[in-house]
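On a predicted model such as this, the values are computed, not experimentally measured, just so you know.
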Amino acid sequence: MKLTNWAKVGLTSLVALTLLTACGGNSKKSSTGKSEQVFTRMEGDVIGGMDSAAVTDAISGQALVDTMDGLYRYNGAKLEPAVATKVVKPTNEGKTYTFNLRKNAKWSNGDPVRAQDFAYGWKRAVDPATKSQYAYLFSGIKNADAIMNGTEKPESLGITALDDHTLKIDLDYAIPYMDGLMTNPVFFSQNEKAVTKYGSEYGTAYNKVVYNGPFKLTKWTGTNLSWSEVKNKDYWNAKAVKLDRIDVQVVKEPSTALNLFQSGKLDDAILSGESARQMKQDPAFKAQPQASTFYLELNQKKVAAFRNKNIRLAMSKAINRKEFVTQVLGNSSLVAHTAVPQNLAQMPDGTDFAKAATKGHDYPTTFDKKEAQKLWKQGLKEVGISSLNVEFLTDDSENAKKSSEYFQSQLEGVLPGLKLKITSLPFKSRLTRSESGDFDICITLWGADFPDPITYLDLFTTGNQSNNGKWSNADYDKLIQASKTTDVTDEKKRFNDLLQAQNILTDEAGIIPVYQTAQAHLVNPNVKDVAYSPSNQYNFIHTYIAK
C-alpha cells in the first residue's frame, strides 16, 4: 500500500486525551451488561478515505482491510479465501481465473455480495475518470491498459459475472503475483447502489459507505482523530471474529503514545526516537519489521537541477543512513540501499532479492562526504548554477519534523550552496501536494502491496501516477515491461529483468532510498493472535484479549 506519509512509523500528536475513555485491554461492559472484547490501538494520522477504488495511504488501507472483504485475505503470511470459497488455480496457461463466491456474504445494507459487485468495483477503479493511483495494478487483466489509455471502455475489462456467485477473470498474459494482488483494497468489490447513492461523498464518512468485512466503521466523520470498528454480525465468518470493537486513536508524539500505553489506554503503542530507545528492554517491546521503504523523491519536472544525475547522486551520498536510523529513529529500522526492501522476495536460487541487488555493486547509498562534494560540484557546474534553494515538504508529525530537520542539517552541512526550507503540513494537505507534483523534495513511504519486487519497481516507470518525482529511463521501462510480458512465465528471466531494473534505478538515483521501516511497538501481553501480512496490514479476525 502506498504510504506517502510518515504515519506508519511516525507518531502523530494527540489532540484530545478526553477522547480516550476506556482502559486498554480490559473487558468492558456493554449497555446490556455483557462483557465486551475491546482492543485499543493507535494510528499516525487520520483516515484519508474509504473508497477502495481511490485510496492510497496505509491508514485508509488498514481500515478497509478491517471492514471489507475481497476475494482473498492474508492471515499472517498465509493466503486464505475470503469472499471466494477457495484459492483457485488458473487455467488457459495461467490466463483465466474462475471464482466461486460465498452465498452467505452480504453488505451492511442487507444486499448480498455478488460477482457483479466485483465487476463493478474493478471497472470503476480502472476507469480513468476515477483517477485511481492504483489503476496500474490492473495491467495484464484483459483490456486494462487500453482502458487506462482511453482507447477502450471500462466495460470491456476482462472480468465477467457468469452469475451472482461465479466470477471469471481473463488476463492478457499470466501474472505470477495475481493471488497477492487480490488482497489489495483496489480489487475489492463495491456496492453500486451505495456508490450511486452517495456520489462524490461516497467513502467520506462512516455512514456514506457500506461494509462486507469483519468490522463496520463507526464514529468517523472524515476528519476526526478517533474512530471505532465494531464487529459486523452479518459477516459471513462472524463466528471467527472474537473482538467486539476496535478503538483507534490518532497519536502524534512518541512520548504521548508511551504515556497512553503505560496508563492502560492503549493496547498497542508505536514508538520512535528516545521513547523507543528507552523501552527496548521492556518485556512489552516488540520490533515489527515491515516490507516498507522510505525514499526521497526529487521533483525533476519542477526543479531543473534535479534532472542532473550527479546532483542526485551527490544528495544520496551525503546522507548518513546508519546515523539517521540509530540516532533519529531509534526503532530498529534498517538502512535501505534499494527501493525493494529486504525479506520481501527471493531470487530463483533462494537469494534475497535486495541482497542480490547489492552484491558486488558499488551503490550510491553509502555515505561518502568527499565523493558527495565532488559529485555536487560537478553537477552544479553542468547545470550552470552555484547554489540551489529548494523546499522540503513533510508532514507535521513529531517524527517527521525531527527527520526532516536531520536531512536539512546533513545535506546542507555536506553540500555547499544547498539550502532546504522545511514545510510541514497536515497529512491530507501534504498528500495532495505531493500527488499533484507541487513539491521540490518530499519523502515517501511505500509498503508492499504483495510479496514481489514489481510492487516497488513498477512505481518508477514513465507515466506511473505514483512516480511523483517524474524520473524516466527508457531502458528501465523496457525491463519492467519485459518482466510483465515476454519473460513473465520464465522465472529466471523475469527476476533478472527486475534485478537489472533495480540497479538502473539506484545507479541513476531515480529515487534516493533511505531506510526500511521497523515499527517499535509496546503491546499488551494479553492481546493475542494479531496477524501481520506481507502487504504490511494487520488481520484482526482472530485477535482477542486474554482474560
Salt bridge (Lys or Arg N to Asp or Glu O under 4.0 Å) between Arg124 and Asp51, intermediate numbers included: CA-CA 11 Å; Arg124 181 169 176 265; Asp51 181 350; 2.8 Å; yes

| request: Could you please spell out the steps behind the salt bridge (Lys or Arg N to Asp or Glu O under 4.0 Å) verdict for Asp452 and Arg494? | output: CA-CA 11 Å; Asp452 191 276; Arg494 177 175 178 270; 2.8 Å; yes

request  = Could you go through the salt bridge (Lys or Arg N to Asp or Glu O under 4.0 Å) check for Arg433 and Asp438 one step at a time?
outcome  = CA-CA 5 Å; Arg433 281 192 56 181; Asp438 185 15; 3.3 Å; yes

| field | Ile480 vs Ile454, side chain to side chain contact (heavy atoms under 4.5 Å, CB included): CA-CA, chis, key distance, verdict | value | CA-CA 8 Å; Ile480 296 300; Ile454 196 69; 3.8 Å; yes

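Tyr136 and Ser466 get closest at one heavy-atom pair: CE2-OG, 4.4 Å. Among all heavy-atom pairs drawn from Val113 and Ser189, the shortest one is CG1-OG, 4.1 Å. Taking every heavy atom of both residues into account, Asp529 and Thr543 meet most closely at O-OG1, 2.9 Å. In terms of heavy-atom proximity, Pro534 sits nearest to Gly76 at CD-O, 3.4 Å. Scanning both residues, Leu505 and Tyr476, for their nearest heavy atoms gives CB-CE1, 3.8 Å. Gly70 and Ala82 get closest at one heavy-atom pair: O-CB, 3.1 Å.
Atom NZ of Lys242 is surrounded by more than 12 heavy atoms from other residues, nucleotides or ligands within 6.0 Å. Counting heavy-atom neighbours within 6.0 Å of Lys493 NZ, excluding the residue itself, gives a total of 12 or less. Lys208 NZ: more than 12 foreign heavy atoms inside a 6.0 Å radius. The environment of Lys428 atom NZ is dense: over 12 non-hydrogen atoms of other residues, nucleotides or ligands sit within 6.0 angstrom.
Side-chain contact, Ser228 with Asp247: a donor N or O sits under 3.5 Å from an acceptor N or O. In this structure, a donor-acceptor pair under 3.5 Å is absent between the side chains of Thr56 and Gln133. In the model, Thr183 has no side-chain atom that pairs as donor or acceptor with a side-chain atom of Gln537 under 3.5 Å. Remark: the Gln516 side chain and the Gln342 side chain contain no N/O donor-acceptor pair separated by less than 3.5 Å. Between the side chains of Asn468 and Glu435, no donor N or O sits under 3.5 Å from an acceptor N or O. Between the side chains of Asp477 and Thr461, not a single donor N or O lies within less than 3.5 Å of an accepting N or O. Inspection of the Tyr532 and Asn536 side chains reveals an N or O donor paired with an N or O acceptor under 3.5 Å. Side chain to side chain, Thr40 and Gln249 fail the donor-acceptor criterion of an N or O pair below 3.5 Å.
Summarising the geometry, atom OG belonging to Ser472 is positioned 11.5 Å from atom CG belonging to Asn464; distances are rounded to the nearest 0.5 Å.
Taking the six-membered ring for Trp, Phe138 and Trp122 have ring centres closer than 6.0 Å. Between Phe450 and Phe187, the gap from one ring centroid to the other reaches at least 6.0 Å. Taking the centre of each ring, Phe540 and Phe39 come in below the 6.0 Å mark.
Checked options Glu43, Met42, Arg41; the residue passing with Ile270 is Met42 (criterion: side-chain contact (heavy atoms from CB on, under 4.5 Å)). The only member of Asp170, Leu167, Ile141 that meets side-chain contact (heavy atoms from CB on, under 4.5 Å) when paired with Ile159 is Leu167. A side chain to side chain donor-acceptor pair (under 3.5 Å) with Tyr235 is found for one member of Asp69, Asn212, Thr67 and no other, namely Asp69. If you run ring pair (Phe, Tyr, Trp, His ring centres under 6.0 Å) between Tyr295 and each of Tyr515, Trp471, Phe460, only Phe460 comes through.
Residue pairs satisfying the side chain to side chain donor-acceptor pair (under 3.5 Å) criterion with at least one member in residues 148-163, sequence neighbours excluded, are listed as follows: Asp163-Thr166.
For the salt bridge (Lys or Arg N to Asp or Glu O under 4.0 Å) test, residues two or more places apart in sequence or in another chain that qualify with Asp111 are Lys193.
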